[in-house]
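Heads up: numbering here begins at 1 and tracks the sequence. Because the structure is a prediction, the values reported are computed rather than measured.
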Amino acid sequence: MELVDRKRLEGERRVLIYDLGVRVKELTALHQATRLFQNMAPSEPETLQALAEILPPAWQYPEITVARVTVDHKEYITAGFVETPWMQRAAVNLPGGRTAGIEVAYLEERPAEDEGPFLKEEQQLIETLAENVLGATEAFAG
């Protein structure tokens, strides 16, 4: 019985360590985005391109993750971005009828999680970052 308990506990420990690693990646992305928006690059395009580059490392499978940030009809994409069946999206409406959105895609199929191949925390992250784009574009407009 002791061996079974130890194996169960070891399995639970591995899952916990993995989950903590994923949370650290998400927090790192939030921190980087916050710094980016606080220190604004010289232009809106540079800031939004930098945001797109922050996204892939925050997802569960960064090696196959690509991203696109859109404001109005302008796109800021990571290398190799294509739309795939495995995408996550968040959009916001900006003042004056403008729109903004963030999309993250996996280039390969992955096992099912909370929302397709994505974790629910990843959806929360993308929604939070999309809302931050709203503030950034207002700052550039102002």
Which of these passes side chain to side chain contact (heavy atoms under 4.5 Å, CB included) with Glu121: Glu113, Glu26, Lys25? Glu26
Output yes when [X] and [Y] qualify as a salt bridge under the 4.0 Å nitrogen-oxygen rule, no when they do not.
| X | Y | value |
| --- | --- | --- |
| Glu83 | Arg89 | yes |
| Lys7 | Glu10 | no |
| Glu12 | Arg8 | yes |

For a 4.5 angstrom cut-off between non-hydrogen side-chain atoms, does [X] reach [Y]?
| X | Y | value |
| --- | --- | --- |
| Ile102 | Leu51 | yes |
| Val66 | Leu55 | no |
| Leu129 | Val133 | no |
| Val104 | Glu122 | no |
| Gln60 | Pro117 | no |

Any link between Met87 and Val82 through a network of hydrophobic side chains (Ile, Leu, Val, Met, Phe, Trp, Tyr) touching at under 4.5 Å? yes
What's the spacing between [X] [atom1] and [Y] [atom2] if we round to 0.5 Å?
| X | Y | atom1 | atom2 | value |
| --- | --- | --- | --- | --- |
| Thr65 | Glu108 | OG1 | CD | 10.0 Å |
| Glu2 | Leu9 | CD | CG | 11.0 Å |
| Arg23 | Leu125 | CZ | CG | 10.0 Å |
| Glu75 | Gln49 | CD | CD | 10.5 Å |
| Thr70 | Ile77 | OG1 | CD1 | 11.5 Å |
| Ile54 | Gln32 | CD1 | CD | 5.0 Å |

Would you mind listing every ring pair (Phe, Tyr, Trp, His ring centres under 6.0 Å) that reaches into residues 65-116, with sequence neighbours excluded?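 Output for this query lists Tyr61-Tyr106, Tyr106-Phe118.
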For [X] against [Y], the heavy-atom pair lying closest together:
| X | Y | answer |
| --- | --- | --- |
| Ala67 | Pro56 | CB-CD, 4.2 Å |
| Leu107 | Gly80 | CD2-O, 4.0 Å |
| Arg98 | Asp72 | NE-OD2, 2.8 Å |

Chi angles and distances behind the side-chain contact (heavy atoms from CB on, under 4.5 Å) call for Glu103, Val69: CA-CA 6 Å; Glu103 298 168 289; Val69 175; over 6 Å; no
Whether the Trp59 and Gln88 side chains hold a donor-acceptor pair (N or O, under 3.5 Å, no angle test) is what I'd like checked. yes
In chain order, what residues pass the side-chain contact (heavy atoms from CB on, under 4.5 Å) check against Lys120, with sequence neighbours excluded?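 With sequence neighbours excluded, Lys120 shows a side-chain contact (heavy atoms from CB on, under 4.5 Å) to Asp114, Glu115, given in chain and number order.
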